[in-house]
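Have a look at the structure below, then the notes.
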Protein chains: 2
Amino acid sequence: MPLLDHPDAKAFLLHWGEMGTQWGVNRSVSQVHALLYLSDRPLPADEIVDQLGLARSNVSTALKELQSYAIVRRVHVEGDRRDHFVAELDLWEMLTRIAAERKRREIDPTIALLNELAQRLAKDATCPPHVRERITRMHEFLSTLGNWYEQMRVLPKPTLVALMKLGGKVVRFLPGGKKDANSG
Amino acid sequence: MPLLDHPDAKAFLLHWGEMGTQWGVNRSVSQVHALLYLSDRPLPADEIVDQLGLARSNVSTALKELQSYAIVRRVHVEGDRRDHFVAELDLWEMLTRIAAERKRREIDPTIALLNELAQRLAKDATCPPHVRERITRMHEFLSTLGNWYEQMRVLPKPTLVALMKLGGKVVRFLPGGKKDANSG
DNA sequence: CCGTAATTTCGGTAAATTCAGAAATCCATG
DNA sequence: CATGGATTTCTGAATTTACCGAAATTACGG
């Protein structure tokens, strides 16, 4: 019995698919992800094809993309030759993996370029001062962000979760942190 | 004298333009942003057209998009009828504004849908248990993230900056936080 | 190894996006 | 309230991206 017979599962899947384009992947990719996320068992590509009505090749590409984010993985199912696929169900894991891959694709190349430019600018007298300053600032800013990310990345997951649950209340624990009505 | 005469400024601008497509905007948008970011004075649309070699209409659309993120704003220049534009130069501001807009576009619609679905699922006996659970989990997860974001958003900027600079060392200050070699 | 099932790659088409130029609208000024 | 510059909106062409079906490749069981 197809998962998508249930109207709410279907609503979720269709919405997820549409949002995909906003998130920088195509609809097929995010639909496949939604289907696997809702599925209670590993699915072979064929079945994804059937349930979503996509071309086999398209599903293959989508699965590859999802695996590149490490939020979907191949699993072997006893007594079946075909590859099966499951989505990461730990949403915190999902988030950190997407973050890692997006940083790699969207931030790291720019930091690399800025490293180069910063080096060149250091010994370049012809550059207008404000250009030098703007590029340097951007370099410092992104480097700082990158370092922060790196430090967060290596924290144990429970610590990260605790930090997030704490929300704005972290400041209470900092030296000179604000006291509020709930702190005593 | 055009800004882009300098090779490093040009390299920055070209790179920024290419990355734009990764970041979910088109090349024109990110190029216009780069140009304004490097400029030491407000630029009228005409001049952006000249320096980047884009069509006037294109620049108009790009400026609108950048203003929707609130990282570029219109300014009036004494004695000139034309609108001029400047980029946000405080990079921390830039980041928080982009984050705000992206959350609005990329997360809020999904939270809204999940609110609906969660409500429907609560009184729906026909839904397979694992589907209910997965959707509920996603709902809780995104809501928690949203709440965390909201609490970070309202913190004073210096506090945010301090928190980031602190990096992984925040945990030292938390109750039960780990001690490390640098903490004593 | 051979045959078959499973999967990926390739080529072509459809759809969407980007972008320039033209037309229309807006707006300040005389 | 007319004029001319400034700006946006409209339209269509060009490019890019998404996606299907077929062919090629890979992996597996006998």
Side-chain angles (χ1 to χ4, degrees), chain A residues 13-36 41-69 72-86 105-106, chain B residues 13-36 41-69 72-86 105-106:
Chain A
L13 184 131
L14 292 178
H15 175 85
W16 210 251
E18 292 309 318
M19 292 307 290
T21 64
Q22 295 278 327
W23 299 335
V25 296
N26 66 44
R27 204 174 57 247
S28 305
V29 171
S30 46
Q31 277 194 0
V32 169
H33 179 246
L35 179 63
L36 290 172
R41 62 191 167 85
L43 297 181
D46 296 334
E47 203 169 328
I48 299 174
V49 168
D50 293 340
Q51 295 215 36
L52 297 181
L54 300 172
R56 181 55 231 262
S57 54
N58 202 8
V59 169
S60 178
T61 308
L63 288 168
K64 206 159 71 174
E65 177 75 355
L66 289 167
Q67 285 174 283
S68 79
Y69 282 98
V72 159
R73 66 178 192 280
R74 268 179 33 199
V75 296
H76 181 70
V77 167
E78 191 73 18
D80 195 329
R81 274 178 62 170
R82 300 171 302 176
D83 287 339
H84 289 61
F85 298 89
V86 291
R105 298 184 188 188
E106 302 178 15
Chain B
L13 185 132
L14 291 178
H15 175 86
W16 210 250
E18 292 309 318
M19 292 307 290
T21 65
Q22 295 279 329
W23 299 336
V25 296
N26 65 44
R27 203 175 59 246
S28 305
V29 171
S30 46
Q31 277 194 0
V32 169
H33 179 245
L35 179 62
L36 290 173
R41 62 191 166 84
L43 297 181
D46 296 335
E47 203 171 328
I48 300 175
V49 168
D50 292 341
Q51 295 217 34
L52 297 181
L54 299 172
R56 182 56 229 259
S57 55
N58 213 355
V59 169
S60 178
T61 307
L63 287 169
K64 206 160 72 175
E65 177 74 353
L66 290 167
Q67 290 178 88
S68 79
Y69 282 98
V72 160
R73 64 176 192 283
R74 268 179 32 200
V75 296
H76 182 68
V77 168
E78 191 73 18
D80 195 328
R81 279 175 58 173
R82 300 171 301 175
D83 287 338
H84 289 61
F85 298 89
V86 291
R105 296 186 190 188
E106 301 177 16

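Just so it is clear: chains get the letters A, B, ... in the order the sequence lines come, proteins before strands, and each one is counted from 1. Since the model is a prediction, treat every value here as computed from it, not as a measurement.
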>> Holding to side chain to side chain donor-acceptor pair (under 3.5 Å), I want the full list of residues that pass it with R82(B), two or more places apart in sequence or in another chain.
In response: D46(B), D80(B)
>> Suppose we screen for side chain to side chain contact (heavy atoms under 4.5 Å, CB included). Which residues come up paired with S28(B), at least two apart in sequence or across chains?
In response: N26(B), L54(B), N58(B)
>> T21(B): which residues meet the side chain to side chain contact (heavy atoms under 4.5 Å, CB included) condition with it, sequence neighbours left out?
In response: none
> Residues two or more places apart in sequence or in another chain: which of them pass side chain to side chain donor-acceptor pair (under 3.5 Å) with E18(A)?
Replying inline: none
> Among dT7(C), dC19(D), dT7(D), which nucleotide sits nearest the side chain of R82(B)?
Replying inline: dT7(D)
> Would I48(A) and L63(A) satisfy side-chain contact (heavy atoms from CB on, under 4.5 Å), going step by step from the backbone distance to the final call?
Replying inline: CA-CA 10 Å; I48(A) 299 174; L63(A) 288 168; 4.2 Å; yes
>> Rounded to whole Å, how long is the line connecting atom CD of Q31(A) with atom C1' of dC20(D)?
In response: 15 Å
> Atom CZ of F85(A) and atom C1' of dT7(C): how far apart are they, to the nearest Å?
Replying inline: 9 Å
>> I need the CG-C1' distance between D80(A) and dT4(C), as an integer number of Å.
In response: 15 Å
> Do the non-hydrogen side-chain atoms of L43(A) and R41(A) ever get within less than 4.5 Å of each other?
Replying inline: yes
> Once you round it to whole Å, what is the distance between P of dA6(D) and CG of D50(B)?
Replying inline: 12 Å
>> How about CZ on R27(A), more than 12 heavy atoms from neighbouring residues, nucleotides or ligands closer than 6.0 Å, or not?
In response: no
> From Q31(B) CD over to L14(B) CG, what is the distance, rounded to the nearest 0.5 angstrom?
Replying inline: 6.5 Å
Taking N or O atoms only and anything under 3.5 Å, show me the protein contacts with nucleotides 28-30 of chain C, one pair per line.
none

> Sequence neighbours excluded, which residues qualify as side chain to side chain contact (heavy atoms under 4.5 Å, CB included) partners of R105(A)?
Replying inline: E65(A), S68(A), Y69(A), E101(A), Q22(B)
>> Need the bend value for the helix from dC1(C)-dG30(D) to dG30(C)-dC1(D): angle between end axes, 5 pairs each end, nearest 10°.
In response: 30°
>> I need the CD1-C1' distance between I48(B) and dT8(D), as an integer number of Å.
In response: 15 Å
> How long is the line joining CZ of R56(A) and C1' of dT8(C), in whole Å?
Replying inline: 8 Å
>> From NE2 of H84(A) over to P of dA5(C), roughly how many Å is that when rounded to an integer?
In response: 16 Å
> Base, sugar-phosphate alone, or nothing: which one does D46(A) contact when heavy atoms must sit under 4.0 Å apart?
Replying inline: nothing
> Passes side-chain contact (heavy atoms from CB on, under 4.5 Å), L35(B) versus L52(B)? Steps please.
Replying inline: CA-CA 8 Å; L35(B) 179 62; L52(B) 297 181; 3.9 Å; yes
> Can you list the residues that meet the side chain to side chain donor-acceptor pair (under 3.5 Å) rule with S57(A), with sequence neighbours excluded?
Replying inline: none
>> Near DNA chain D, counting only heavy atoms under 4.0 Å, which residues of residues 16-29 of chain B show up?
In response: none
Distances under 3.5 Å between nitrogen or oxygen atoms of protein and nucleotides 22-26 of chain D:
none

> Listed by chain and number, what are the side chain to side chain donor-acceptor pair (under 3.5 Å) partners of W16(A), not counting sequence neighbours?
Replying inline: H33(A)
>> Among residues at least two apart in sequence or on other chains, which ones pass side chain to side chain contact (heavy atoms under 4.5 Å, CB included) with D50(A)?
In response: none
> Below 4.0 angstrom from OP1 or OP2 of dT7(C), is there any side-chain N or O of K64(A)?
Replying inline: no
>> Among V86(A), V29(A), L66(A), exactly one meets side chain to side chain contact (heavy atoms under 4.5 Å, CB included) together with V72(A). Which residue is that?
In response: L66(A)
>> Rounded to whole Å, please give me the gap between CG in N58(A) and P in dT7(C).
In response: 16 Å
